[in-house]
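Report on the structure given below.
Keep in mind it's a predicted model, so treat the numbers as computed, not measured.
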Amino acid sequence: MKVNEDTFPDPVPAQDGVEDRRQRKARQTRNALAAAALDLILERGLADVTVGAVADRADVTRRTFSRHFVGKEDAALDFVRGDGDRINALLRARPADEPPLLAYRRAVAGWLADRENPASHIRPRMRALLALVDTEPALFAAYERIRVDAQEESIRIIADRLAVDDVRDLRPAVVVDAAAGVLTAALRAWARGRQADHPDPHPGDRPDDHHDPDAVDLAALVEQAYDALMGEAALAASHRATPVSGK
């Protein structure tokens, strides 16, 4: 059975002529393994999938699998790593004078709006896999490792923008933890389907057939989540001068 490698867009698309044949082959193999792991886990369940089965589905050896991934969970969730790389690339490109929280929000918006390399979360089966993350401890652990790696890179980017030491200055970590936390909350709500009160605002403007036709407008949900954060921050700021009582 041929795996659908198109499920996994390139994390940061290479410029024309930059990627040589060896790099291209390695990327294609990695994508094939990631798609195979995703397919098998959703078909059979995590416990009934082995690394050997993933390698066989992708038509490579187990040794080749081990060159790319430490386990089946990391392979199935490779799209999370790719999305983090793309968000961070967009964050680096934001204007230097843009406030860090706004820069992160707009980087996420740019990632979600990219139709040439669409965010992998809105592609088929991703919603089901993200929902499974909450019920499978091994998948959750892999997801958290990948997410933390991406956020640590985001913190370094914000620290560079502010020209501060991210160890001594808390602002980069605070901004990233808050902004990435909003994105994570929106993604989890989307994966669980908790969008009944917010129907798709553009039901006639669905993405093409390689996207999930039942997926809600994730971009709109993320914007709602960021608006909620900004609203809570403004409310807290308005009460900043009020003495805190023990009652």
Side-chain angles (χ1 to χ4, degrees), residues 80 82-115 117-122 126-127 130-131 133-134 143-144 146-203 205 207 215-245:
V80 177
D83 285 344
D85 288 345
R86 292 166 67 203
I87 290 170
N88 280 332
L90 289 166
L91 180 59
R92 289 188 190 91
R94 296 304 308 170
D97 60 349
E98 197 169 54
L101 184 58
L102 181 59
Y104 193 99
R105 179 177 183 171
R106 288 179 173 170
V108 169
W111 161 66
L112 289 170
D114 188 348
R115 290 301 183 98
N117 297 282
S120 54
H121 298 84
I122 62 174
M126 294 303 179
R127 190 175 183 178
L130 283 176
V133 165
D134 278 344
Y143 182 89
E144 286 297 291
I146 294 168
R147 183 183 62 80
V148 167
D149 285 346
Q151 287 184 209
E152 287 180 350
E153 179 62 18
S154 299
I155 289 170
R156 288 190 286 270
I157 294 169
I158 295 296
D160 287 344
R161 291 172 61 90
L162 296 175
V164 299
D165 180 347
D166 62 270
V167 175
R168 297 178 179 274
D169 194 314
L170 289 176
R171 286 177 296 168
V174 169
V175 167
V176 171
D177 284 353
V182 166
L183 176 58
T184 299
L187 285 168
R188 292 183 72 183
W190 171 78
R192 293 170 177 174
R194 292 182 178 174
Q195 187 66 357
D197 295 332
H198 303 283
D200 187 348
H202 306 293
D205 185 24
V216 299
D217 188 346
L218 178 58
L221 183 57
V222 168
E223 284 300 299
Q224 290 170 21
Y226 277 115
D227 284 344
L229 173 65
M230 298 300 188
E232 289 297 321
L235 181 62
S238 71
H239 291 275
R240 190 173 181 180
T242 305
V244 178
S245 67

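- With sequence neighbours excluded, no residue satisfies side chain to side chain donor-acceptor pair (under 3.5 Å) with Asp149.
- What you find for Leu112 and Ala119 is that their closest heavy atoms are CD2-CB, 4.0 Å.
- The distance from the OH atom of Tyr104 to the CD1 atom of Ile157 is 9.0 Å, given to the nearest 0.5 Å.
- Going from atom CG of Leu218 over to atom CH2 of Trp190 covers 6.0 Å, rounded to the nearest 0.5 Å.
- By the 4.5 Å heavy-atom criterion applied to side chains, Glu223 and Arg105 are counted as neighbours.
- Annotation: side-chain contact (heavy atoms from CB on, under 4.5 Å) contacts of Asp177 (sequence neighbours excluded): Gln151.
- Distance check, rounded to the nearest 0.5 Å: CG of Leu91 to CD1 of Ile87 gives 9.5 Å.
- To the nearest 0.5 angstrom, Leu183 atom CG is 10.0 Å from Leu221 atom CG.
- The side-chain contact (heavy atoms from CB on, under 4.5 Å) check on Ala150 picks up Asn88, with sequence neighbours excluded.
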Do any side-chain atoms of residues 93-103 form donor-acceptor pairs under 3.5 angstrom with protein atoms, and if so which ones, sequence neighbours left out?
residue: Arg94; atom: NE; partner: Glu98; partner atom: OE1; Å: 2.8
residue: Arg94; atom: NH2; partner: Glu98; partner atom: OE1; Å: 3.4
residue: Arg94; atom: NH2; partner: Glu98; partner atom: OE2; Å: 2.8
residue: Glu98; atom: OE2; partner: Arg106; partner atom: NH1; Å: 2.7

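- In this structure, the side-chain contact (heavy atoms from CB on, under 4.5 Å) partners of Val164, at least two apart in sequence or on a different chain, are Ala159, Leu162, Asp169, Arg171, Pro172.
- Contact detail for Ala186 and Ala225: the closest heavy-atom pair is CB-CB, 4.1 Å.
- Note that the CD1 atom of Ile158 and the CZ atom of Arg156 stand 12.5 Å from one another [nearest 0.5 Å].
- The list of ring-ring contact (aromatic ring centres under 6.0 Å, His included) pairs with a residue in residues 152-185, not counting sequence neighbours, is empty.
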